[in-house]
There are 2 protein chains.
Amino acid sequence: MSKELRQHIEEIIPLTDKDFSYILSHFTEKKLKKHQYLIQIGDKVAHTYWVSNGLLKATYTDEKEKEHIIQFAMENWWITDYQAYFTQTKAILNVDCLEATELLCLSYENREKLCKELHKMEHFFRRKANNGFIALQKRMLSFMTNSSETRYDLLLKQYPTLFQRVSKSIIAAYLGVSRETLSRFNK
Amino acid sequence: MSKELRQHIEEIIPLTDKDFSYILSHFTEKKLKKHQYLIQIGDKVAHTYWVSNGLLKATYTDEKEKEHIIQFAMENWWITDYQAYFTQTKAILNVDCLEATELLCLSYENREKLCKELHKMEHFFRRKANNGFIALQKRMLSFMTNSSETRYDLLLKQYPTLFQRVSKSIIAAYLGVSRETLSRFNK
């Protein structure tokens, strides 16, 4: 899985073999089964995770016990409870596996260490943060201004493979509509 | 206004006089009157802006010509159309002044230059990007899960001064409710 991580980082910055082997030494591996939790509400969130293989969702549970899907993550994506991770507070989200999943884990300390020691890794993570902000803003704009049917069409267009990998009720929870409403969009 | 910018940057990284004077040389000043536009939909977005004095809003206009407020910015905040700025595409947002405003402007080229030349500035902007992501995710979670009345209470608690500076119809546009609905919350 390390080859893919290297490719992923090199989309933004060039790396020597020595750079990459040093960077990789700061990650640990983790394997989870389908339905297993990576993060549960109230956990200390020590790591951010890069998905080598598999599919996860991050969800927020509201006062009425309703689940809202904040983010999916599949191959080459990063996932964690960012608020808890960046501010070193307890998790407010659950993150669980929709498929058997293989991850590379980077602790907060090691991420800060890499950013401090290697200017180009600080650049990499700044660029990733900027891209993440744009993606989240797009999602919020879409949430504020588009109908659920339009958001369904956009999701289908943006992540066609997602629809083959998750159930309809998961798609409904991401869009914030009922399973019944979703079935109307499918026609 | 440069003293406040230095304080703002030094909340995250220490600066020598020489550092700061070099950093400041990459900014230009801009003054706008109340109601003036900083960015209009379709503009090339060459700069990000740090607010020295004043108040602005960034808005998205939907297909029905309804305005949605994406972000406010007041003293010590940064504002631009981030999607357009980071991806060097045309503006999809309007940014205009709710008060007479003084700004320090940083071009995309100068921001990248500073990040490349001064590792600590890359660190500063990475930290700002991470904080921005968390703030936006909080807003989206609130939008997905809270009633408009709860969101009103949270906004009042988070930014009490904002309510003295903008009209009720602006607050309504930020919360995504009608002016009539908002007036019920005020009681």
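Chain letters run A, B, ... following the sequence lines, proteins first, then strands; residues in each count from 1. Below, each value reflects all heavy atoms present in this structure, side chains not excepted, and no hydrogens, waters or symmetry copies.
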Hphob cluster co-occupancy, Val45(B) + Ile41(B), side-chain heavy atoms under 4.5 angstrom: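 No, Val45(B) does not connect to Ile41(B) through the hydrophobic network.
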Hphob cluster co-occupancy, Leu182(B) + Leu154(B), side-chain heavy atoms under 4.5 angstrom: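 No.
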Using only the distance criterion (under 3.5 Å, no hydrogens considered), which donor-acceptor pairs connect chain B with chain A?
residue   : atom : partner   : partner atom : Å
Glu112(B) : OE1  : Arg126(A) : NH2          : 3.0
Glu112(B) : OE2  : Arg126(A) : NH1          : 3.2
Glu112(B) : OE2  : Arg126(A) : NH2          : 3.3
Cys115(B) : O    : His119(A) : NE2          : 2.9
His119(B) : NE2  : Cys115(A) : O            : 2.9
His119(B) : NE2  : Glu122(A) : OE1          : 2.9
Glu122(B) : OE1  : His119(A) : NE2          : 2.9
Glu122(B) : OE2  : His123(A) : ND1          : 2.9
Glu122(B) : OE2  : Arg126(A) : NE           : 2.6
Glu122(B) : OE2  : Arg126(A) : NH2          : 3.1
His123(B) : ND1  : Glu122(A) : OE2          : 2.8
Arg126(B) : NE   : Glu122(A) : OE2          : 2.6
Arg126(B) : NH1  : Glu112(A) : OE2          : 3.2
Arg126(B) : NH2  : Glu112(A) : OE1          : 3.0
Arg126(B) : NH2  : Glu112(A) : OE2          : 3.4
Arg126(B) : NH2  : Glu122(A) : OE2          : 3.1

Region of Leu136(A) that comes under 4.5 Å of a non-hydrogen atom in chain B: both
Considering all heavy atoms, the nearest Met144(B)-Ile70(A) contact: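 So the two residues come closest at SD-CD1, 4.3 Å.
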